[in-house]
Amino acid sequence: ILLQGNGGYAFHFSDKDSSGLNPGDELFVNARLGYAAGPFLPYIGALARFQMDGDSTGVTIPGGHLISLEPGLVCDIADVASLQFGVPFALLGKYAERYWALHFSLAVRLGLK
């Protein structure tokens with residue numbers, strides 16, 4: 001069983017000279033739970049993003065939130081590479097676009113001696 005998680009806080013600074021848009025800071029938390037079955041790791045992931053209030057030329061842009069799930073699968077290839085496939089989709093949100101997507105990535109391990 002694999003339990004993985006991370007989180008962070010993104011500071012957004014505006015360029016007052018060009019656009020005057022300040023999108024607001026963002027807090028995010030990501031968690032993934034999976035079960036290793038040989039070279040395969042099926043998982044379920046969850047992502048929560050919280051956008052703080054921003055402003056555009058003095059007008060307040062309300063903050064919002066988005067919570068999404070991502071079922072997926074990681075496949076190890078000969079201890080050298082891994083493929084990851086997932087389908088993230090939004091469950092709920094406020095002042096945020098809801099979506100679904102396909103996620104595909106390739107990771108290659110290189111050893112240095």
Side-chain angles (χ1 to χ4, degrees):
I1 294 178
L2 169 77
L3 179 59
Q4 177 184 22
N6 65 5
Y9 191 87
F11 296 97
H12 293 156
F13 300 101
S14 64
D15 183 0
K16 299 292 185 189
D17 294 333
S18 62
S19 68
L21 174 65
N22 179 1
D25 297 342
E26 183 177 28
L27 172 70
F28 67 91
V29 178
N30 188 7
R32 182 185 291 185
L33 177 66
Y35 180 76
F40 301 105
L41 176 74
Y43 68 87
I44 183 76
L47 172 65
R49 302 179 85 94
F50 301 95
Q51 187 81 30
M52 309 308 167
D53 289 345
D55 66 78
S56 177
T57 60
V59 177
T60 299
I61 301 171
H65 63 274
L66 179 67
I67 298 174
S68 59
L69 286 180
E70 179 182 345
L73 176 71
V74 177
C75 178
D76 282 332
I77 303 169
D79 293 331
V80 175
S82 65
L83 296 171
Q84 178 178 340
F85 176 76
V87 183
F89 58 93
L91 290 180
L92 63 101
K94 181 177 180 182
Y95 300 121
E97 292 185 30
R98 293 171 181 85
Y99 64 91
W100 72 271
L102 297 176
H103 168 220
F104 180 77
S105 63
L106 169 68
V108 177
R109 295 179 195 98
L110 300 174
L112 300 175
K113 292 185 178 187

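The basis for the numbers below is simple: all heavy atoms, side chains too, and nothing from hydrogens, waters or symmetry mates. In this text the structure is predicted, and so the values were computed from the model without any measurement.
Legend: residues meeting side chain to side chain donor-acceptor pair (under 3.5 Å) with Gln4, ordered by chain and number and at least two apart, are absent.
The hydrophobic clustering, which links ILVMFWY residues whose side-chain heavy atoms are closer than 4.5 Å, places Leu47 and Val29 apart. Hydrophobic clustering places Phe89 together with Leu102 (ILVMFWY residues linked when any side-chain heavy atoms are closer than 4.5 Å, directly or through intermediates). Linking Ile, Leu, Val, Met, Phe, Trp and Tyr residues whenever their side-chain heavy atoms come within less than 4.5 Å leaves Ile1 and Leu41 in two separate clusters.
Atom CG in Asn6 sits 6.0 Å away from atom CZ in Phe28 (nearest 0.5 Å).
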With a 3.5 Å cut-off and sequence neighbours excluded, list the donor-acceptor pairs that the side chains of residues 66-78 form with protein atoms.
residue : atom : partner : partner atom : Å
Glu70   : OE2  : Tyr43   : OH           : 2.9
Glu70   : OE2  : His103  : ND1          : 2.9
Asp76   : OD1  : Arg109  : NH2          : 3.2

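The side-chain heavy atoms of Gln84 and Leu106, taken from C-beta on, include no pair separated by under 4.5 Å. Using a 4.5 Å heavy-atom threshold, the side chains of Glu26 and Arg49 count as touching.
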Show your working on side-chain contact (heavy atoms from CB on, under 4.5 Å) between Leu33 and Leu2 and close with a plain yes or no. CA-CA 6 Å; Leu33 177 66; Leu2 169 77; over 6 Å; no
Derivation and outcome, side-chain contact (heavy atoms from CB on, under 4.5 Å), residues Gln51 and Leu27: CA-CA 7 Å; Gln51 187 81 30; Leu27 172 70; over 6 Å; no
